[in-house]
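Below is one structure, written out as structure tokens; comments come after it.
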Amino acid sequence: MAMQKAEKIWFDGKLVPWDEATVHVSAHVLHYGSSIFEGIRAYATERGPAVFCLGPHIERLFNSAKIYRLEIPYTPQEIEQAILETIRVNGHKSCYIRPLVFRGAGGLGVNPLDCPVQVLILTMEWGAYLGPEAIKQGVAVGVSSWRRMAPGTFPAAAKIGGQYINSQLINMEAKRHGYVEGIALDVNGLVSEGSGENIFVISKGVITTPPLAASILQGITRKCVIQLADDLGYEVRQEAIPRELLYIADEVFFTGTAAEITPIRAVDGVTIGQGRRGPITKRLQEEFFGLTQGRLPDRHSWLTLVS
Ligand code: PMP
């Protein structure tokens, strides 16, 4: 997807023109993937743009930093304010927000601790991640031959730049096979997640999603959808899901900041349910989009108005 330039990028405490936000080629991050990041969305509402789950995203950013032993030279409040300011100066009605904290230029040894920590906040217009039709029609996906990282190798619960090589391999393989996205299994062969999405499976009215121990990222959309399903009275389980249960499920869907709630209509060429968005997925989407777009009362305080 082509990137739509915004006017300004927040870079180490200053708003700089998009084209001037550059780093040196010796930056540690470029060589070793030494970064942590977030992906956040701001939705257009009647009261202007509103950031969805800003607090939880910033909390996860600081948790990723803690896991990777990286000191962010700002407070969570400063990063939150910087995000709101960047959205304001760029005049977005809605946007995708990418805070990135990385190790800059300071030597090419593997040990990063002498490299300066730099912070940027990028915003851009971004529509439906898996295609404009995906939210209604659903997507066809395939189980990847690439597994998610094994416990004790990479910290799956942290959003660390270098780990996204795994996601890239999963996604590129899926596209090569004609799928929109791939589903990765964990090291034990149980369902883990998409390359950038968590996954939910619905059978006989019960909603199941893999547990944190299945090498997943602790998705913020996942958590919200669990809450919404609970609000609607559905039983939600966080349980190991064998691959074959995907094929015989009534409904399957992805969640993610970029993917929002995207129905899955086929896995490995096997039609899921009726081969289109199922009724529970639709019901959850109505709640989710109603809340994010400010059409329903913000009963869980998930929105932060930009101005
Ligand atoms: N898993 C992975 C690997 C991801 O990159 C993402 C996107 N951040 C998700 C799941 C979904 O997480 P969230 O709902 O917080 O965007």
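Read the numbers this way: they start at 1 and go in the same order the structure lists the ligands and their atoms. Atoms considered below: every heavy atom in the structure, side chains included; atoms not considered: hydrogens, waters and symmetry mates.
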**Request:** Give the atoms of ligand 1, by number and element, whose distance to some non-hydrogen atom of Gly256 is under 4.0 Å.
**Result:** 11 (C), 14 (O), 16 (O)

**Request:** Flag the pair Leu108 / His31 as yes when at least one side-chain heavy-atom distance between them is below 4.5 Å, and no otherwise.
**Result:** yes

**Residue Lys159 vicinity, atoms of ligand 1 by number, heavy atom under 4.0 Å** = 4 (C), 5 (O), 7 (C), 8 (N)

**Item:** Min side-chain heavy-atom separation Glu251-Pro279 under 4.5 Å
**Value:** yes

**Request:** Count the heavy atoms belonging to other residues, nucleotides or ligands that lie under 6.0 Å from CD of Glu286, then report whether that count exceeds 12.
**Result:** yes

**Prompt:** Does the Arg147 side chain pair with the main chain of Asp186, one donor and one acceptor, at a distance under 3.5 Å?
**Reply:** yes

**Prompt:** For atom 14 (O) of ligand 1, what is the nearest protein heavy atom, given as residue, atom name and distance?
**Reply:** Thr221 OG1, 2.6 Å

**Request:** Return a yes/no value for Thr257: is any of its N or O atoms, backbone included, closer than 3.5 angstrom to an N or O of ligand 1?
**Result:** yes

**Message:** Just to be sure I read this right, does ligand 1 sit under 4.0 Å from the backbone of Arg60, its side chain, both, or neither, counting only heavy atoms?
**Reply:** side chain

**Asked** Backbone, side chain, both or neither: what part of Gln218 comes under 4.0 angstrom of ligand 1, heavy atoms only?
**Response** neither

**Side-chain H-bond candidate by donor/acceptor type, Asn90 with Glu7, under 3.5 Å** = no

**Prompt:** At a 4.0 Å threshold, what atoms of ligand 1 neighbour a non-hydrogen atom of Gly219?
**Reply:** 12 (O), 13 (P), 14 (O), 15 (O)

**Request:** Go through ligand 1 atom by atom and flag the ones less than 4.0 Å from a non-hydrogen atom of Ser195.
**Result:** 3 (C)

**Asked** When only distance counts, is Arg148 in polar contact with ligand 1, meaning an N/O pair under 3.5 Å?
**Response** no

**Message:** Looking only at distances, can you tell me whether any N or O atom of Ile220, backbone or side chain, sits closer than 3.5 Å to an N or O atom of ligand 1?
**Reply:** yes

**Item:** Heavy-atom nearest neighbour of atom 6 (C) of ligand 1 within options Gly39, Ala258, Gly196
**Value:** Gly196

**Request:** Can you pull out the closest protein heavy atom to atom 11 (C) of ligand 1? Residue, atom name and distance to 0.1 Å, please.
**Result:** Asn198 OD1, 3.6 Å

**Message:** Tell me which pairs pass side-chain hydrogen bond (donor to acceptor under 3.5 Å, both in side chains) where either residue lies in residues 252-267, with sequence neighbours left out.
**Reply:** Tyr43-Glu260

**Asked** For ligand 1, which atoms sit closer than 4.0 Å to a heavy atom of Glu193?
**Response** 1 (N), 2 (C), 3 (C), 10 (C)

**Request:** Looking only at distances, please establish whether an N/O atom of ligand 1 is found under 3.5 Å from an N/O atom of Tyr164.
**Result:** yes

**Request:** Would you check, one step at a time, whether the test side chain to side chain donor-acceptor pair (under 3.5 Å) holds for Ser144 with Glu173?
**Result:** CA-CA 7 Å; Ser144 184; Glu173 182 189 69; 3.0 Å; yes

**Asked** Is Arg283 positioned over the aromatic face of Tyr234, cation under 6.0 angstrom from the ring centre and no more than 45 degrees off axis?
**Response** no

**Request:** Just do the side chain to side chain donor-acceptor pair (under 3.5 Å) check on Gln227 and Arg299 with the steps written out, would you?
**Result:** CA-CA 11 Å; Gln227 177 70 58; Arg299 63 180 186 271; over 6 Å; no

